[in-house]
Amino acid sequence: MTFKRGGKAMKKIINEPTEVVQDMIAGMVLAAPHKIKQIEGTTVLARKDTPVKNKVALISGGGSGHEPAHAGYIGKGMLDAAVLGEVFTSPSVDQVYEGIKAVDSGEGVLLIIKNYTGDVLNFEMAAELAEAEGIQVAQVIVNDDVAVEDSSFTTGRRGIAGTVFVHKISGAKAEMGGTLEEVKTVAEKVVNNVRSMGMAISPCAIPAAGEPSFTLLEDEMEVGIGIHGEPGIERKAITTADEIASELVEKILNDLDIKKNEEVAVMINGLGATPEMELFIINKKVQEILAEQEIKVYQTFVGEYMTALEMGGCSVTLLKLDEELKELLSFPSDAANFLVK
Amino acid sequence: MTFKRGGKAMKKIINEPTEVVQDMIAGMVLAAPHKIKQIEGTTVLARKDTPVKNKVALISGGGSGHEPAHAGYIGKGMLDAAVLGEVFTSPSVDQVYEGIKAVDSGEGVLLIIKNYTGDVLNFEMAAELAEAEGIQVAQVIVNDDVAVEDSSFTTGRRGIAGTVFVHKISGAKAEMGGTLEEVKTVAEKVVNNVRSMGMAISPCAIPAAGEPSFTLLEDEMEVGIGIHGEPGIERKAITTADEIASELVEKILNDLDIKKNEEVAVMINGLGATPEMELFIINKKVQEILAEQEIKVYQTFVGEYMTALEMGGCSVTLLKLDEELKELLSFPSDAANFLVK
Amino acid sequence: MNFSVNNVKEWLKKTNNLIQENKNYLTKLDQAIGDGDHGINMARGFDEAVNVTDDKQYDTVADILKDIAMTVMSKVGGASGPLYGTAFLRLSLSLKGKTEVGYADLTKALEDGLNGMKQRGRSDAGEKTLVDVWEPVVTFMKKKDAADADGLMEIAKSAVEKTKDIMATKGRGAYFKEKSVGNIDPGAMSSFYLFSALAEVLKGGGE
Amino acid sequence: MNFSVNNVKEWLKKTNNLIQENKNYLTKLDQAIGDGDHGINMARGFDEAVNVTDDKQYDTVADILKDIAMTVMSKVGGASGPLYGTAFLRLSLSLKGKTEVGYADLTKALEDGLNGMKQRGRSDAGEKTLVDVWEPVVTFMKKKDAADADGLMEIAKSAVEKTKDIMATKGRGAYFKEKSVGNIDPGAMSSFYLFSALAEVLKGGGE
Ligand SMILES: Nc1ncnc2c1ncn2[C@@H]1O[C@H](COP(=O)(O)OP(=O)(O)O)[C@@H](O)[C@H]1O
Ligand SMILES: Nc1ncnc2c1ncn2[C@@H]1O[C@H](COP(=O)(O)OP(=O)(O)O)[C@@H](O)[C@H]1O
Ligand SMILES: [Mg+2]
Ligand SMILES: [Mg+2]
Ligand SMILES: [Mg+2]
Ligand SMILES: [Mg+2]
């Protein structure tokens, strides 16, 4: 469908703009009927074998439009369920609540929440409802985006691509038999050691809105942009990949307390429209900078992990690792978009 | 960088437009130094452990800009090497020749070639050079794009996303110890049973050219387009995802001789800019149509497998399966972009 | 006056009409200092609230307000869903068991709703949110001892305008820091629709 | 005449100059009925061919032509790389061992080059490719018994124009079917630059 409402038109391969999430969910289940299921009458997708006996369950979620986040991370060793909201809109309390009830095996449920008011409020209220029903619920709030300053007086930092590492590592801990407390603790450890920053060269449009939610000039980029198009640090003329990589890594390293010879995991994440070729060009420079600083790279991930519809741009994420985090990062995972053998 | 030469500008996250392939290759090796290596002084990427003793080697390749094709399919159980050309330009004879020499373990080398004049000529000449050196070389030419009519008087059908299934299945056969003849035979079996068709809603630009290689009107789509922007069957006003899926599947089924209860593998491939959300919406309809026709789906792949830079659009691929192909498709693979446990 | 079940239905429908008419405007406001979905969220949720409650019979005002709360909470989504949902839930709790709802009851209920939203949102007046419309409205209503529809309307209108001057510290607007100044807060605007619809109903003087 | 090593260098440089000047034009032609890289490919390859051969000493014309062939084959890429590479390789083979290269030798060599391309490309005249320039040029040269630079130029020019009327059946142009008609074939145009550069050199009458 094309949309011409208001500003420049955006073309999309969809049916009813208001039905995109339902259609997508149906397409996801049909793509992996043996691995995932939709919890009847909800926008919750879960492991086919949920609730998994004697295992702490992990739930993530948020607005749609960030695919493969979050449904692509459902699987043994990662998430038990993802709660999908409308595009860029937090899922509602009742949906999260249904998700919690569906996955709890009695060992408790960890909610992995990206730090956006909507997500926090809806997940928090759902947790209260579940606890009232006697389900143990713990929460971790991811806020890895260094483009926003960390502050308790404001909404604070956003959760972006670093969230995927929280899924992976706490999911491994749960699969290994960790208690809810232990799983929550390691999830918080990841949150404390992961930092990200992104940039965009072209906007995206919410299907139901039909027009881009922000615009950039022909030669402009926005550094520090959020995965919903929230403003970053500055808009300026687009520079080279090397300069972009340098700026993102510098901001991240300024915020991540890391010394020579310490190890990191690197994620170069595409926001949607940017070709993998360009992500690898960014990766080249990122790796060169880390080598100069004598920071060791344990593992690198290049691809689309946390997108913003068809936004053009990328984000860089660094996760500082210790032995425990390395072991959990390398633990097997069956999640479609984060397979680890 | 932005480009304003001629038509509308395209922004890219790159350094020197003429260096994108070299930069990308460096970024790819730095991303997986333990799994892949660059053959010194060439644009050939290969398995770290190549040449692999007692195994037929597989080489694919072609112009760059189709990432993750082809380097993302290097790995145990899939390709031994990928020969990368400039963007949308076949690699030259000498590069392919270097690739062949690098991977041959004495068991022979299968070249998987997409049916474009440039690729065919360069790979063919390289094969002649290698044979002159006493290396056994076999070739298979992939031409799965049903948007072009099959003809021996013309260039004939193009090779697109279906090529990935040729990599996977013949790679498994080689890993299982098949002879060059056997590996070639199963590769041809895949070629004979795989059909694809794509469509685009927005163009892409070769970095060194800087401007889109074709343009579409604000409400226009092109059905049957090639992965370099080659023309398809028709341009018309963009329709719904359901209509698009129906048209692509219909064209494919008209060309693929398949009966009720036979099985297929499905690939919904994004061309670059199209969000995964939209690919799943297409998948929903594709699966519904196959169910109506009582064609069984063995496995479904949704994601970016064979792209065209930042082109907006998708392709659908159906591979008709028998027991042998199913076994080989499910055989383990270590390739970064086609992991099978 | 008696603020009846039918008055609530009337209030809800008038609110929904305003939201539907101004759906794109709300989205525009949210594109400026948010993520561009507030109009879509509110339109989806309040339409559903009308569908759910309209031809249903209710004994008490508390009952219908509870249905509205639940529908809004589950259908609006985003940040505004739980906030408006909490507000209506508190209204319902505040009026529980009451067969007659006078002006004072209504005012008290709205104050409870406001406090509920502040707790839930960890927010206060002056942060460029819907609180900046609710707070002055409630304060105004408390000053009066009978409904003053026009006064309420005026207060709400000027409160929305004032959100322009505030730098956002809560919600997505906060990411825009200084740049948020000069823009009307989308949630404040949707709250204005809610109160101008209420004023309309109060004009009728209730049943 | 004697077509010397220096004449070959001159020919190559003039060709390269024309290609560099018309790089964007060639790419435009390839955008119309191909994938938009012909100008980029040719510019990359022939620049390199000049760099490789220019200050290098060669005993025979065959030697320099072989270097050109190898460079073009490895640096142009695409379909045109192996085709032009094959052509220069055949030229080299055809003139192998010759210390003096007369008009007849050159003509025969070009004819061998043309045949080499046809075999390699499984193509013939009338398919809207560079063959549609090479074939009439070679036929014309065979008719003469001495170099006719202006005539050669004319023939080549009109041959390029004629590719407009042809419907492509080989190369990427073939995908455009009827739509390919009306467009000049990019490879035909680059071949025209090659032959007009040759005509220039022949005007000088060789050494
Ligand atoms: N912490 C908060 N307290 C009170 N109101 C808030 C808070 N955060 C956001 N809001 C209100 O919610 C509105 C945005 O709602 P909406 O766009 O539907 O949700 P989202 O921001 O999740 O997309 C804001 O304009 C603001 O009025
Ligand atoms: N089979 C063929 N025989 C002869 N010439 C061909 C053949 N295929 C393509 N060509 C020539 O190659 C030109 C295209 O070259 P180029 O754009 O560099 O390669 P590619 O098509 O691989 O991008 C065409 O214009 C045509 O003249
Ligand atoms: Mg939102
Ligand atoms: Mg090409
Ligand atoms: Mg919003
Ligand atoms: Mg070309």
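Residue numbers start from 1 in every chain, and the chains themselves are labelled A, B, ... in the order their sequence lines are given, proteins ahead of strands.
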Novice: Would you list the atom pairs, donor with acceptor, under 3.5 Å between side chains in residues 88-97 of chain C and any protein atom, with sequence neighbours excluded?
Specialist:
residue: C/Arg90; atom: NH2; partner: C/Gln119; partner atom: OE1; Å: 3.0
residue: C/Ser92; atom: OG; partner: C/Ala62; partner atom: O; Å: 2.8
residue: C/Ser94; atom: OG; partner: C/Asp112; partner atom: OD2; Å: 2.9

Novice: Can you tell me how far the CG atom of C/Asp30 sits from the CD1 atom of A/Ile206, to the nearest 0.5 Å?
Specialist: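 Taking CG in C/Asp30 and CD1 in A/Ile206, the distance rounds to 8.0 Å.
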
Novice: Once side chain to side chain contact (heavy atoms under 4.5 Å, CB included) is applied, do any residues pair with A/Ser315, and if so which ones, sequence neighbours excluded?
Specialist: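 Scan of A/Ser315 (side chain to side chain contact (heavy atoms under 4.5 Å, CB included), adjacent residues dropped) gives A/Ala161, A/Asn269.
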
Novice: Hey, could you give me the OG/NZ distance between A/Ser92 and C/Lys75, rounded to the nearest 0.5 Å?
Specialist: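 Atom-to-atom, A/Ser92:OG and C/Lys75:NZ are 6.5 Å apart.
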
Novice: Which residues, numbered in order, of residues 37-53 of chain C come under 4.5 angstrom of chain A by heavy-atom distance?
Specialist: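 At a heavy-atom separation under 4.5 Å, chain A is reached by C/Asp37, C/Ile40, C/Asn41, C/Arg44.
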
Novice: Can you say whether A/Glu98 sits under 4.5 Å from chain C via the side chain, the backbone, both, or neither, judging by heavy atoms?
Specialist: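 Interface part for A/Glu98: neither.
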
Novice: With rounding to the nearest 0.5 Å, note down the distance linking CZ in C/Arg122 to CG in A/Leu121.
Specialist: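 The CZ atom of C/Arg122 sits 7.0 Å away from the CG atom of A/Leu121.
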
Novice: With a 4.5 Å cut-off on heavy-atom pairs, point out which of C/Arg120, C/Met70, C/Lys23 contacts chain A the most.
Specialist: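 The candidate making the most pairs under 4.5 Å is C/Arg120.
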
Novice: Which region of A/Val148, side chain (C-beta onward) or backbone (N, CA, C, O), has a non-hydrogen atom less than 4.5 Å from a non-hydrogen atom of chain C, or is it both or neither?
Specialist: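 When you check distances to chain C, only side chain atoms of A/Val148 fall under 4.5 Å.
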
Novice: Roughly how far, to the nearest 0.5 Å, is the CZ atom of A/Arg158 from the CZ atom of C/Arg172?
Specialist: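 So the gap between those two atoms works out to 9.0 Å.
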
Novice: Give the minimum heavy-atom separation between C/Gly171 and A/Thr155, together with the two atoms involved.
Specialist: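 Scanning both residues, the minimum pair turns out to be N-OG1, 2.8 Å.
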
Novice: Might you point out which heavy atoms bring A/Ala209 and C/Gly36 nearest each other, and give the distance in Å?
Specialist: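 Shortest heavy-atom contact: CB-O, 4.4 Å.
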
Novice: Is the CG atom of C/Asp59 crowded by more than 12 outside heavy atoms at less than 6.0 Å?
Specialist: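 Open.
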
Novice: Side chain, backbone, both or neither: which part of A/Asp145 has a heavy atom under 4.5 Å from chain C?
Specialist: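 Neither part.
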
Novice: Drop me the distance from C/Ile33's CD1 to A/Glu230's CD, to the nearest 0.5 angstrom.
Specialist: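 C/Ile33 CD1 to A/Glu230 CD: 12.5 Å, rounded to 0.5 Å.
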
Novice: Against chain A, label C/Lys177 side chain, backbone, both or neither, depending on which of its atoms sit under 4.5 Å from a heavy atom there.
Specialist: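 For C/Lys177, the contact with chain A is made by the side chain alone.
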
Novice: What part of C/Ser123 is in contact with chain A, defined as an atom under 4.5 angstrom from a non-hydrogen atom: side chain, backbone, both or neither?
Specialist: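 Neither part, no heavy atoms under 4.5 Å.
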
Novice: Hey, does C/Gln31 have a side-chain heavy atom less than 4.5 Å from the side chain of A/Phe214?
Specialist: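 No - every pair of side-chain heavy atoms lies 4.5 Å or more apart.
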
Novice: Residues in salt bridge (charged side-chain N to carboxylate O under 4.0 Å, His left out) with C/Lys164, at least two apart?
Specialist: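 With sequence neighbours excluded, C/Lys164 shows a salt bridge (charged side-chain N to carboxylate O under 4.0 Å, His left out) to C/Glu161, given in chain and number order.
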
Novice: Closest heavy-atom contact between A/Gly156 and C/Tyr175?
Specialist: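 Nearest pair, atom of A/Gly156 first, then C/Tyr175: O-CE2, 3.5 Å.
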
Novice: Give the minimum heavy-atom separation between A/Thr117 and C/Ala79, together with the two atoms involved.
Specialist: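 Reported closest heavy-atom pair: CG2-CB, 3.9 Å.
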
Novice: Looking at A/Arg157, A/Glu128, A/Glu149, which has the largest count of heavy-atom pairs under 4.5 Å with chain C?
Specialist: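 Heavy-atom pairs under 4.5 Å are most numerous for A/Glu128.
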
Novice: How long is the span from the NZ atom in C/Lys170 to the OG1 atom in A/Thr154, to the nearest 0.5 Å?
Specialist: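 Going from the NZ atom of C/Lys170 to the OG1 atom of A/Thr154 covers 8.0 Å.
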
Novice: Okay, side chain of C/Asp35, backbone of A/Gly229: is any donor-acceptor separation there less than 3.5 Å?
Specialist: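 Flag not set: sc C/Asp35 to bb A/Gly229 has no pair under 3.5 Å.
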
Novice: What part of A/Gln95 gets within 4.5 angstrom of chain C, counting heavy atoms only: side chain, backbone, both, or neither?
Specialist: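 Neither part; nothing is under 4.5 Å.
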
